[in-house]
There are 2 protein chains.
Amino acid sequence: MREEREIFGKYLSRHNLRDTPQRELILDTFLKREEHVSAEELYDIVKKRDPSIGQATVYRNLKLFSEAGLAREVDLGDGVARYEHSYKHPHHDHLICRGCGKTVEVVDAVIEELQKRVAEKYGFKLTDHALYLYGNCEECRKKE
Amino acid sequence: MREEREIFGKYLSRHNLRDTPQRELILDTFLKREEHVSAEELYDIVKKRDPSIGQATVYRNLKLFSEAGLAREVDLGDGVARYEHSYKHPHHDHLICRGCGKTVEVVDAVIEELQKRVAEKYGFKLTDHALYLYGNCEECRKKE
DNA sequence: CATGAGATGATAACGATTTTCATTAGCAAC
DNA sequence: GTTGCTAATGAAAATCGTTATCATCTCATG
């Protein structure tokens with residue numbers, strides 16, 4: 001977390017942006033959360049520490065964290081943007097339970113490689129991808 | 001297209017739904033389009049043939065086509081729902097050009113199989129998935 | 001051809017996100 | 001410190017795709 005703050009500080013000064021208490025608070029709160037958070041969720045948490053904070057500020061800063069390489073936007077397809085840690089948290093795909101919504105991060109080197117090849121077959125140079133695997137987790141299946 | 005209409009007709013009567021001129025027109029227009037369409041786009045086309053049509057009707061019917069198995073919703077992640085043909089048009093993934101937006105439909109049996117295995121490794125029973133490959137197509141790369 | 005339920009069209013409502021705008025406050029130079 | 005420039009903030013309005021509401025219309029069936 002110290003490292004992230006340092007990176008962020010450098011990003012701010014390099015881009016002539018300012019260090020504000022709101023920014024610190026939002027970043028802090030974001031870094032402490034290990035799970036994906038939506039702007040709304042983060043706003044609710046942050047509000048407890050500083051009720052005067054505006055939700056536009058949370059939206060604005062989450063976007064900023066992404067630009068600074070500290071956060072990554074995740075689209076689980078429900079119309080709500082979520083953010084996950086990006087620093088020292090490399091690319092991965094998501095396995096999502098249709099029952100309880102639980103998400104698991106997964107990577108498969110072979111799938112990644114095959115994707116690149118499929119793209120090449122069609123003359124595309126792959127830059128990135130989004131893979132969401134939907135299913136039912138063990139617990140949810142037991143309940144049925 | 002004849003087949004699709006027949007399926008739709010059966011779906012309607014089986015579900016006590018009615019056959020209306022608007023429905024016919026929207027279905028017709030949808031079936032003629034080969035590319036993905038958003039509700040908005042379809043509405044614009046349909047309006048030319050029947051300016052009195054409401055856009056809610058287009059939204060409603062696209063949803064209905066999906067339920068009847070004639071359409072499939074595609075989420076390219078830009079916040080707009082698109083629909084593609086579903087009848088005799090099996091599952092596939094999408095390769096999307098970051099430059100011009102062109103999309104290509106792709107399938108890779110090995111990737112599909114590996115996905116299933118990855119899911120199983122985490123105790124999940126895979127039901128479906130969404131894979132979007134983003135890159136730059138040949139033409140866009142040449143332009144640079 | 002009456003009748004009842006589904007369908008439609010216009011419009012308001014929705015929810016997530018963005019913009020606007022007046023005000024506040026970092027921060028670098030003096 | 002004080003100043004001055006400009007970014008950042010908070011509140012509220014605006015956006016945009018989509019859905020809900022509701023009065024009216026119109027299929028399909030008896």
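As the structure is a prediction and not an experimental result, all values here were calculated from the model. Chain naming here is simple, since letters A, B, ... match the order of the sequence lines and numbering starts at 1 in each.
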> D/dT19 P sits how many Å from B/L62 CG, rounded?
Replying inline: 10 Å
>> Would you say that more than 12 heavy atoms from the other residues, nucleotides or ligands in this model lie under 6.0 Å from the NZ of B/K10, or not?
In response: no
> Does the pair B/R82/B/E35 count as a salt bridge with the N-to-O cut at 4.0 Å?
Replying inline: no
> Among residues 22-36 of chain A, which contact DNA chain D at a heavy-atom distance under 4.0 Å?
Replying inline: A/Q22, A/R23
> Could B/E139 and B/K102 be called an ion pair, given the rule that one side-chain N must be under 4.0 Å from one carboxylate O?
Replying inline: yes
> When the distance from CG of B/N16 to C1' of C/dA7 is rounded to whole Å, what number comes out?
Replying inline: 14 Å
> Does the distance from a Lys or Arg side-chain N to an Asp or Glu carboxylate O, for B/R117 and B/E113, drop under 4.0 Å?
Replying inline: yes
> How do B/P21 and B/R18 order along DNA chain C: which one's closest nucleotide is nearer the 5' end?
Replying inline: B/R18
> With the threshold set at 4.0 Å, does a side-chain nitrogen-carboxylate oxygen contact exist between A/R5 and A/E24?
Replying inline: no
>> Nearest whole Å is fine: how far is C/dG15 C1' from A/R82 CZ?
In response: 13 Å
>> Any side-chain N or O of B/T20 below 4.0 angstrom from OP1/OP2 of C/dT8?
In response: yes
> In whole angstrom, what separates A/H15's NE2 from D/dA7's P?
Replying inline: 14 Å
> Which residue lies toward the 5' end of DNA chain D, B/S38 or B/S13, if each is placed at its nearest nucleotide?
Replying inline: B/S38
> Within this structure, what is the CG-to-C1' distance between A/D78 and C/dC14, rounded to whole angstrom?
Replying inline: 16 Å
> In whole angstrom, what separates A/K63's NZ from D/dA8's C1'?
Replying inline: 16 Å
> Can you give one letter per nucleotide of nucleotides 11-17 of chain D, going 5' to 3': B for a protein heavy atom under 4.0 Å from the base, S for sugar-phosphate only, - for none?
Replying inline: B-----S
>> I need the CG-P distance between A/L17 and C/dC27, as an integer number of Å.
In response: 11 Å
> For the residue pair A/F65 and A/F8, is the inter-centroid distance of their aromatic rings smaller than 6.0 Å?
Replying inline: yes
>> Strictly distance-based, threshold 3.5 Å: is any side-chain N or O of B/R23 a donor or acceptor partner for the main-chain N or O of B/N61?
In response: no
Under 3.5 Å donor-acceptor pairs involving side-chain atoms of residues 52-59 of chain A, not counting sequence neighbours:
| residue | atom | partner | partner atom | Å |
| --- | --- | --- | --- | --- |
| A/S52 | OG | A/D50 | OD1 | 2.7 |

> Any idea which of D/dT9, C/dA7, D/dA28 is nearest the A/N61 side chain?
Replying inline: D/dT9
> Has the side chain of A/R72 got a donor or acceptor atom that lies under 3.5 Å from a matching backbone atom of A/Y87?
Replying inline: no
